[in-house]
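Worksheet: the structure to be examined is printed underneath.
In the text below, chain A, chain B and the rest are named by the order of the sequence lines, each starting its count at 1. These numbers come from the heavy atoms of this one structure, side chains and all, not from hydrogens, waters or symmetry mates.
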There are 2 protein chains.
Amino acid sequence: MTITEVSKKFDLSQDTLRYYERIGLIPRVNRNKSGIRDYTEEDCKWIEFIKCMRNAGLQIEALIEYVGLFQQGDATIEARKELLIEQRKQLIARMEDMQKTLEHLNYKIAVYEQVVVEKEKELKRPD
Amino acid sequence: MTITEVSKKFDLSQDTLRYYERIGLIPRVNRNKSGIRDYTEEDCKWIEFIKCMRNAGLQIEALIEYVGLFQQGDATIEARKELLIEQRKQLIARMEDMQKTLEHLNYKIAVYEQVVVEKEKELKRPD
DNA sequence: ATAACACTTGGAGTTAACTCCAAGTCAAGG
DNA sequence: CCTTGACTTGGAGTTAACTCCAAGTGTTAT
């Protein structure tokens with residue numbers, strides 16, 4: 001797969017794909033005889049994984065570390081597991097914050113609804 | 001309340017508090033006779049609200065708009081409600097993304113658990 | 001009354017995560 | 001053979017959201 005295809009497939013700019021590779025967020029992609037990136041299925045899996053994690057707000061730093069550990073082989077399995085558990089913990093904390101905010105927003109919106117209703121009543125009242 | 005007290009109360013740096021005021025993310029805080037900020041209860045409510053919204057990832061831009069509408073009075077009630085509804089929509093979308101990522105993480109961690117267990121079994125096996 | 005300290009302002013600097021750019025290479029079509 | 005267009009690289013520029021800084025002023029303790 002070319003970078004153009006992958007870019008469309010995952011809705012990530014070509015620049016972002018090259019950037020991710022440059023900083024080690026995805027393993028190095030193979031080039032064909034003329035030096036052009038040729039993404040494998042495996043590469044796509046990585047991109048999908050990284051995109052999913054980034055969408056949820058995981059820091060690039062942590063993901064780079066994960067990819068690095070992965071490339072060092074089986075000896076790092078425990079470390080990778082721990083890393084994911086830590087990221088999950090942080091993710092859950094953020095989700096809880098967001099849940100609180102959502103409730104706050106719901107409340108505020110309900111209050112505004114009420115105010116709007118009151119105003120409408122007032123408009124209909126004969127003076 | 002002084003900026004030091006407010007800073008401690010909400011765990012926001014003094015710089016951040018001044019920055020928020022400068023860009024209109026909170027209404028202007030009154031100064032005492034010697035020009036020093038004196039935060040009211042109302043100011044604190046704003047800071048709490050803004051902090052909650054920022055924690056959940058709402059953009060400063062949107063919150064500035066909200067504060068601006070608020071300061072224009074009752075005529076903007078409908079607009080404020082719409083703004084909050086839009087922000088809530090975006091918040092829910094982000095939470096859904098995060099939920100997906102959480103499930104993905106749970107799955108991956110479970111796989112690693114399994115691998116670790118297998119490895120341990122192997123170690124205990126007599127060669 | 002003077003040193004120490006908290007505060008003020010406007011503006012510059014920082015960080016994460018892209019995003020853009022210039023200069024160069026290469027394969028394919030006319 | 002020459003142009004076109006997609007690709008390459010390393011490096012510079014951008015954006016959001018702070019964070020820091022310098023120069024100045026007012027209050028407090030000795």
**OP:** By nearest nucleotide on DNA chain C, pick out whichever of A:G57 and B:D15 is the more 5' one.
**Re:** B:D15
**OP:** Indicate whether OP1 or OP2 belonging to D:dA17 is found under 4.0 Å from a side-chain N or O atom of B:Y20.
**Re:** no
Subject >> Whole angstrom value for the distance that separates P of D:dG24 from CD1 of B:I36 >> reply: 18 Å
Original post:
Out of C:dC18, C:dA27, D:dC7, which nucleotide sits closest to the side chain of A:Q14?
Top reply: D:dC7
Original post:
Yes or no on side chain to side chain donor-acceptor pair (under 3.5 Å) for B:Y66 and B:R80, after CA distance, side-chain angles and deciding distance?
Top reply: CA-CA 6 Å; B:Y66 180 77; B:R80 278 183 263 161; 5.0 Å; no
Original post:
Between B:N30 and B:R37, is a side chain to side chain donor-acceptor pair (under 3.5 Å) present by the stated rule, with each step listed?
Top reply: CA-CA 6 Å; B:N30 263 7; B:R37 285 175 182 78; over 6 Å; no
Original post:
Which nucleotide sits closest to the side chain of B:T4: D:dT8, D:dC7, C:dC7?
Top reply: C:dC7
Original post:
In whole angstroms, how far is the P atom of C:dA6 from the CD atom of B:E5?
Top reply: 13 Å
**OP:** Report the distance from atom CG of B:L25 to atom C1' of D:dC18, rounded to the nearest whole Å.
**Re:** 12 Å
Original post:
Using a cut-off of 4.0 Å on non-hydrogen atoms, how would the nucleic acid contact of B:R37 be classed: base, sugar-phosphate, or nothing?
Top reply: sugar-phosphate
**OP:** Quickly work out the A:Y19 OH to C:dT19 C1' distance and round it to whole Å.
**Re:** 10 Å
Subject >> Verdict with supporting geometry, B:S13 and B:D15, side chain to side chain donor-acceptor pair (under 3.5 Å) >> reply: CA-CA 5 Å; B:S13 77; B:D15 267 316; 5.3 Å; no
Original post:
To the side chain of A:I60, which of C:dA17, C:dC7, D:dC18 is closest?
Top reply: C:dA17
Original post:
Could you state the CG-P distance from A:L63 to C:dC18, rounded to the nearest angstrom?
Top reply: 10 Å
**OP:** Could you tell me the separation between the CZ atom of A:R22 and the C1' atom of D:dA12, rounded to a whole number of Å?
**Re:** 10 Å
Subject >> Side chain A:T101, main chain B:M53, donor-acceptor under 3.5 Å >> reply: no
Original post:
Can a side chain N or O of B:T16 be found less than 4.0 Å away from OP1 or OP2 on D:dC18?
Top reply: no
Original post:
Relative to the 5' end of DNA chain D, which residue comes earlier, B:L58 or B:R18, by the nucleotide with the nearest heavy atom?
Top reply: B:L58
**OP:** Check every atom of C:dA16, C:dT19, D:dA17 against the side chain of A:S13 and return the nucleotide holding the closest atom.
**Re:** C:dT19
**OP:** Figure out the NZ/P separation between A:K33 and D:dT8, and round it to whole Å.
**Re:** 12 Å
Original post:
Taking OP1 and OP2 of D:dT15, is either one under 4.0 Å from a side-chain nitrogen or oxygen of B:Q59?
Top reply: no
Original post:
Looking for any heavy atom pair under 4.0 Å, which part of the strands does A:R31 touch: base, sugar-phosphate only, or nothing?
Top reply: sugar-phosphate
Subject >> Of A:R88, A:R94, A:E86, the residue whose pairing with A:Q90 passes side chain to side chain donor-acceptor pair (under 3.5 Å) >> reply: A:E86
Original post:
Whole Å only: how far is the CD1 atom of B:I3 from the C1' atom of C:dC7?
Top reply: 8 Å
